[in-house]
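What follows is a set of notes on a single structure, which appears directly below.
Chain A is the first sequence line, chain B the second, and so forth, proteins listed ahead of strands; every chain is numbered from 1. Atom set for the values below is all heavy atoms of this structure, side chains included, hydrogens, waters and symmetry mates excluded.
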Protein chains: 2
Amino acid sequence: MAIVSKAHRRPEDPLEYLRCSTVLAYPRGHTIYDYERPPANLHLVIDGYVKICRMSEGRKPVVLDIYQAEDFFGESAFLGAAQRPETAVALEDTKVMVWSVEEIEEIAIKHPQLGIALLQLIVRRSAEYVSRIESFAVDNIARRLARALIRFSERNRNEAGAPSEHLVAFTHELLSQYVGTSREIVTQCMNQFRRAGYLSYSRRGIVLHGAELRTWLATGGDFAGEKPARPRNNGRLISSGMGA
Amino acid sequence: MAIVSKAHRRPEDPLEYLRCSTVLAYPRGHTIYDYERPPANLHLVIDGYVKICRMSEGRKPVVLDIYQAEDFFGESAFLGAAQRPETAVALEDTKVMVWSVEEIEEIAIKHPQLGIALLQLIVRRSAEYVSRIESFAVDNIARRLARALIRFSERNRNEAGAPSEHLVAFTHELLSQYVGTSREIVTQCMNQFRRAGYLSYSRRGIVLHGAELRTWLATGGDFAGEKPARPRNNGRLISSGMGA
């Protein structure tokens, strides 16, 4: 039995097996589902942006991901009420297409490749969570933020298929809830990135100079000569998320 | 179309659809797969313990999970060579049953419920990663460690189905790579937990007093009167993983 997989497996596309379905429109700021109303549907973003976050009582909100056109979300519907509390909020006026879990299971009985396609999708997503756990465990905040900016630019490709330089809809507040820090510290890091030439701002939002930022990350990712902003902190051990 | 799912969906069990397959035995410390030899099989632990970790060049290893009897792992095989570098190591002498991805896809064509069962499994796993991301983003190390200990005890149930008090095979080094800190800081936190009566040690390993530790977490999870060990750190902002 082969233990080693050499081939790059062709990813299946769930949309090959799903018929067009109901489209729902949500105004900016509207909660699509939350702990009290968990999703019963798999959702596909048609237009707009959706923020998925954890909002535990008495704890700061944590942004898990931002989804945009052609992204699926709400996969916890497959667990029914056994799922954990996640919240999906329309970041802008947003349209989503929805399929109930029952519908999907019915289609998967006829077209089992749909099950495999969704499995690949969730395994990929789970690998992204793993990268994020690794970053939380070993990176300081500036590096975590750099990885987040690069990830969002890579997912948001322009018409030629290249990573998009323009990161629309990303406020410092949103980035801070993704990276797990305060808005103030994100602003300090973003100022350092801007001074170092890794990004700039336009009327449309953040303009990322991804190649430069990638080089910074690959070559150690620290600000030599200029101490990174570390209010109430004095040790690199802690700045790497290593402190007790 | 119902947006709200009230029902607790009955989870499917992949083993209902998988025939017995090849069993492989690995001695303690043996690498089952890694970056250079990515998995081509879905694995099921029959006996022993398997550590899954990320070992990026020049970075500290990060433990993603510890799997034991009846746990599946190696799901990144569904992505083929597109997968990210993960390493699976036998923590003790370990037996696993393996199915190639091709076999599983063949069975799923005949029994599409297998695809749904595996989908539910990975969605559940992905929800656990989300809980961990939340903990990294908002908890200090002592709370992260407490959650890790509770999680491992809940997964390792005794014959009566209650969470197991005995955590076998968990060294401070292993816990430090799971929580994202140094072994020394884990030892300091474990000493505080021991003094507070939340755990003890036996010849078999850690004995967790889960109810007490859960109460500590639920009631704020800090060591009043006794400063938690925070070498090279002086602010709660940073100890919560919030520092730059």
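For the set A:Arg147, A:Arg125, A:Lys110, A:His111, the count of heavy-atom pairs under 4.5 angstrom toward chain B peaks at A:Arg147. The most heavy-atom pairs under 4.5 Å with chain B, out of A:Ala108, A:Pro112, A:Gly74, A:Pro61, come from A:Pro112. If you tally non-hydrogen atom pairs under 4.5 Å between each of A:Gly115, A:Ser126, A:Ala127, A:Ser176 and chain B, the highest count goes to A:Ser126. If you tally non-hydrogen atom pairs under 4.5 Å between each of A:Val63, A:Leu145, A:Ile109 and chain B, the highest count goes to A:Ile109.
Residue B:Gln177: no heavy atom, backbone or side chain, is found under 4.5 Å from chain A.
The line from CG of B:Leu119 to CG of A:Leu121 is 9.0 Å long, rounded to the nearest 0.5 Å. Atoms CG and CD1, on A:Leu114 and B:Ile116 in that order, are 7.0 Å from each other to the nearest 0.5 Å. Separating the CD1 atom in A:Ile133 from the CG atom in B:Asp65 is a distance of 9.0 Å, to the nearest 0.5 Å. With rounding to the nearest 0.5 angstrom, the NZ atom of B:Lys60 is 12.5 Å from the CD atom of A:Glu134.
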| said: Show, in sequence, the C-alpha distance, side-chain angles and deciding distance for A:Asp139 and B:Arg59, and conclude whether the side chain to side chain contact (heavy atoms under 4.5 Å, CB included) test is met. | reply: CA-CA 9 Å; A:Asp139 283 335; B:Arg59 304 173 80 182; 3.0 Å; yes
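Across all non-hydrogen atoms, the minimal contact from A:Glu75 to B:Val123 is O-CG1, 3.6 Å.
Taking the six-membered ring wherever Trp is involved, the centroid distance between the rings of B:Phe136 and A:Phe136 falls below 6.0 Å.
Residue A:Met97 places its CE atom among more than 12 non-hydrogen atoms of other residues, nucleotides or ligands, all under 6.0 Å distant.
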